Amino acid sequence: MAAGSLLEAGLARVLYYPTLLYTLFRGKMPGRAHRDWYHRIDSTVLLGALPLRSMTRRLVQDENVRGVITMNEEYETRFLCNSSKVYHWTPEEAIRAITKIRSHVYIRPGQLEVLKEFHKVTAAEAAKNEIHRTSLT
């Protein structure tokens, strides 16, 4: 089973940039082939693909974007996206920050448990990577 997971992860990395190029190409096409990069959901939310660096100024000035929440893998954001701030919040701290901005957001107990598990796994992985990185220097 582990070999299958590794194969999937490797395949996702190999296919990421070609599919990104395809998506960019579709965004430039006229007519029925055109695909918008994002859509306005309401006065405060845009839903779409991860904004590339070249889109940042337009999104901030024209769309009033003040933050981006992404569920992308690190390798997908490393080279093409702005990543100026990284918050090392616990799930509870993140929820408090979000609800200060959007008081109507409600996180159900089951969602909180998923967030806690994700945080535990990613924090452990980050710590392991930091230990490995410092032992190499």
Side-chain angles (χ1 to χ4, degrees):
M1 191 66 169
S5 295
L6 286 173
L7 184 60
E8 284 178 22
L11 186 59
R13 288 172 187 232
V14 167
L15 294 176
Y16 176 70
Y17 288 104
T19 58
L20 177 61
L21 288 173
Y22 175 75
T23 304
L24 286 167
F25 176 73
R26 294 287 300 266
K28 304 286 185 203
M29 296 295 296
R32 291 182 58 200
H34 177 77
R35 294 291 180 264
D36 289 324
W37 199 259
Y38 61 87
H39 297 277
R40 181 158 290 285
I41 302 302
D42 62 23
S43 63
T44 59
V45 176
L46 296 176
L47 181 63
L50 189 65
L52 302 176
R53 286 185 182 138
S54 62
M55 301 172 182
T56 302
R57 176 167 283 134
R58 181 171 42 97
L59 288 170
V60 169
Q61 291 175 352
D62 298 347
E63 300 289 350
N64 198 29
V65 169
R66 295 294 177 249
V68 173
I69 297 173
T70 179
M71 295 182 73
N72 291 71
E73 296 287 340
E74 183 183 344
Y75 71 88
E76 296 173 328
T77 61
R78 184 176 303 138
F79 302 114
L80 301 173
C81 304
N82 290 319
S83 301
S84 61
K85 277 190 183 174
V86 175
Y87 297 100
H88 298 283
W89 288 337
T90 65
E92 293 84 2
E93 291 169 328
I95 290 167
R96 278 194 297 276
I98 290 169
T99 55
K100 277 184 186 176
I101 300 166
R102 304 274 184 265
S103 60
H104 62 280
V105 171
Y106 175 72
I107 305 296
R108 293 187 307 273
Q111 292 171 312
L112 180 58
E113 291 308 312
V114 170
L115 289 170
K116 285 180 178 179
E117 182 61 28
F118 176 77
H119 179 261
K120 185 172 82 174
V121 170
T122 56
E125 187 175 306
K128 183 178 77 175
N129 289 340
E130 185 60 32
I131 290 169
H132 178 72
R133 193 174 12 256
T134 55
S135 68
L136 293 175
T137 57

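No hydrogens, no waters, no symmetry mates; every other heavy atom, side chains included, goes into these values. Remember, it's a predicted structure, so these values are computed and weren't measured experimentally.
Note: Arg35 CZ to Met29 CE = 10.5 Å, rounded to the nearest 0.5 Å. The CZ atom of Arg96 sits 6.0 Å away from atom OG1 of Thr90, with the distance rounded to the nearest 0.5 Å. With rounding to the nearest 0.5 angstrom, the CG atom of Leu115 is 6.5 Å from the CD1 atom of Ile107. Taking OH from Tyr38 and CD from Glu63, the interatomic distance works out to 4.0 Å, rounded to the nearest 0.5 Å. For the atom pair OH of Tyr17 and CD of Glu76, the computed distance is 8.0 Å after rounding to the nearest 0.5 Å. Distance CG/Asp36 to NE2/His34: 3.5 Å, rounded to 0.5 Å.
In terms of heavy-atom proximity, Arg26 sits nearest to Arg32 at NH2-O, 4.3 Å. Trp37 and Leu50 make their closest contact through NE1-O, 3.1 Å (heavy atoms, listed as atom of the first residue, atom of the second, distance).
Residues Leu52 and Tyr16 fall within the same hydrophobic cluster, defined by Ile, Leu, Val, Met, Phe, Trp and Tyr side chains chained together at heavy-atom separations under 4.5 Å. If you chain together hydrophobic residues whose side chains sit under 4.5 Å apart, Phe25 and Met55 never meet in one group.
The residue from Lys120, Glu113, His119 that alone fulfils the side chain to side chain contact (heavy atoms under 4.5 Å, CB included) condition with Lys116 is Glu113.
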